[in-house]
Amino acid sequence: MQKKEKSFGIQMLSVQPDTKPKGCAGCNRKIKDRYLLKALDKYWHEDCLKCACCDCRLGEVGSTLYTKANLILCRRDYLRLFGVTGNCAACSKLIPAFEMVMRAKDNVYHLDCFACQLCNQRDIQSYGRDRTSKSHRRV
Ligand SMILES: [Zn+2]
Ligand SMILES: [Zn+2]
Ligand SMILES: [Zn+2]
């Protein structure tokens with residue numbers, strides 16, 4: 001099974017003054033700063049290793065980056081875009097990580113599925129969907 005998405009470590013290295021400057025994989029210019037980042041077997045300016053989504057400087061955010069489909073992403077965006085929370089215990093379909101979920105014990109539910117379940121149990125289907133989910137919020 002091929003696993004394309006992966007997290008990679010980011011290393012911050014100090015540049016030795018007597019070594020040849022390395023080329024930045026982001027902007028292709030030489031790195032003449034005192035520090036550079038090493039990630040994905042390439043060297044980067046601290047400014048150039050950025051999340052493709054939110055533009056945050058990955059070297060500052062953490063020591064991990066995520067890649068998928070040639071994008072370099074921070075953990076937050078990666079999970080938001082590609083992550084999966086789990087399977088809905090009601091409809092057993094996957095729940096993408098960016099979707100709001102309801103949790104009950106060890107189970108996760110789509111918001112809609114959770115509301116429906118409650119409705120079925122309590123036989124109060126005449127409620128409107130909005131009112132239903134609101135009225136169950138404390139459960
Ligand atoms: Zn650069
Ligand atoms: Zn990001
Ligand atoms: Zn569901």
Side-chain angles (χ1 to χ4, degrees):
M1 207 174 85
Q2 205 185 4
K3 209 175 157 216
K4 274 184 193 156
E5 65 266 31
K6 244 186 174 175
S7 68
F8 296 89
I10 303 170
Q11 286 175 276
M12 182 177 275
L13 307 170
S14 58
V15 179
Q16 307 304 320
D18 48 349
T19 53
K20 240 174 63 179
K22 307 233 188 308
C24 167
C27 66
N28 287 320
R29 286 195 290 259
K30 300 271 185 239
I31 303 172
K32 292 173 184 162
D33 304 348
R34 278 217 289 166
Y35 296 96
L36 59 78
L37 298 173
K38 186 173 183 216
L40 306 169
D41 283 324
K42 292 170 189 158
Y43 298 97
W44 309 77
H45 289 109
E46 284 177 80
D47 279 340
C48 288
L49 192 61
K50 285 194 288 199
C51 170
C53 209
C54 69
D55 248 15
C56 63
R57 285 161 57 157
L58 291 164
E60 282 176 3
V61 172
S63 52
T64 318
L65 64 80
Y66 290 74
T67 67
K68 173 128 175 172
N70 290 325
L71 293 173
I72 294 179
L73 296 164
C74 67
R75 178 180 158 79
R76 203 187 50 182
D77 284 317
Y78 176 79
L79 290 178
R80 192 168 57 82
L81 292 171
F82 302 112
V84 169
T85 301
N87 289 72
C88 172
C91 71
S92 64
K93 287 186 192 131
L94 281 178
I95 306 176
F98 54 81
E99 219 172 277
M100 295 280 293
V101 295
M102 288 298 295
R103 290 175 194 275
K105 291 180 190 156
D106 293 334
N107 295 326
V108 285
Y109 300 86
H110 294 108
L111 278 191
D112 286 350
C113 294
F114 190 72
C116 291
Q117 276 222 323
L118 287 174
C119 293
N120 290 334
Q121 277 169 25
R122 296 182 181 189
D123 204 38
I124 44 172
Q125 282 170 339
S126 52
Y127 271 68
R129 212 181 74 173
D130 285 345
R131 275 183 68 197
T132 305
S133 48
K134 255 177 216 151
S135 65
H136 293 323
R137 191 165 280 170
R138 279 184 57 243
V139 177

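Both counts, for ligands and for their atoms, begin at 1 and track the order of listing.
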In degrees, rounded to 10 degrees, what angle do Cys91 atom SG and His110 atom ND1 make at the Zn ion (ligand 3)?
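Value returned, to the nearest 10°, is 100°.
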Calculate the angle formed at the Zn ion (ligand 3) by SG in Cys88 and SG in Cys113; 10° precision is enough.
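With the Zn ion (ligand 3) as the vertex, SG (Cys88) and SG (Cys113) sit 110° apart.
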Report the name of the N/O/S atom of His45 located nearest to the Zn ion (ligand 1).
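Answer by atom name: ND1.
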Decide yes or no for His45 and Asp33: does some side-chain heavy atom of the first lie under 4.5 Å from some side-chain heavy atom of the second?
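The answer is yes; the side chains approach within 4.5 Å.
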Considering only heavy atoms from C-beta outward, does the side chain of Val108 approach that of Arg103 to under 4.5 Å?
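SC-SC contact between Val108 and Arg103 confirmed.
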Report whether any nitrogen, oxygen or sulfur of Cys53 sits less than 2.8 Å from the Zn ion (ligand 2) (N, O or S, backbone or side chain).
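No, outside the cut-off.
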Any N/O/S atom, backbone or side chain, of Cys56 lying under 2.8 Å from the Zn ion (ligand 2)?
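No, since none of the N, O or S atoms of Cys56 sits under 2.8 Å from the Zn ion (ligand 2).
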What's the SG-the Zn ion (ligand 2)-SG angle here (Cys51, Cys54), rounded to 10 degrees?
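Roughly 110°, rounded to 10°.
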Gly26 backbone acceptor or donor facing Trp44 side chain under 3.5 Å:
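Between the backbone of Gly26 and the side chain of Trp44 there is no qualifying donor-acceptor contact (under 3.5 Å).
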Starting from the C-alpha separation in whole Å, work towards a yes-or-no answer on side chain to side chain contact (heavy atoms under 4.5 Å, CB included) for Lys68 and Leu71.
CA-CA 5 Å; Lys68 173 128 175 172; Leu71 293 173; 5.6 Å; no
If you check every N/O/S atom of Asp77, which is the one nearest the Zn ion (ligand 2)?
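Looking only at N, O and S atoms of Asp77, the one nearest the Zn ion (ligand 2) is named OD2.
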Over 60° means perpendicular and under 30° means parallel, so classify the ring planes of Tyr109 and Phe114, tilted if in between.
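The rings of Phe114 and Tyr109 sit tilted, inter-plane angle from 30° to 60°.
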Roughly how far, to the nearest 0.5 Å, is CG of Leu13 from OH of Tyr35?
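These two atoms lie 11.0 Å from each other.
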Roughly, to 10 degrees, what angle do Cys48 atom SG and Cys24 atom SG form around the Zn ion (ligand 1)?
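Rounded to 10°, it measures 110°.
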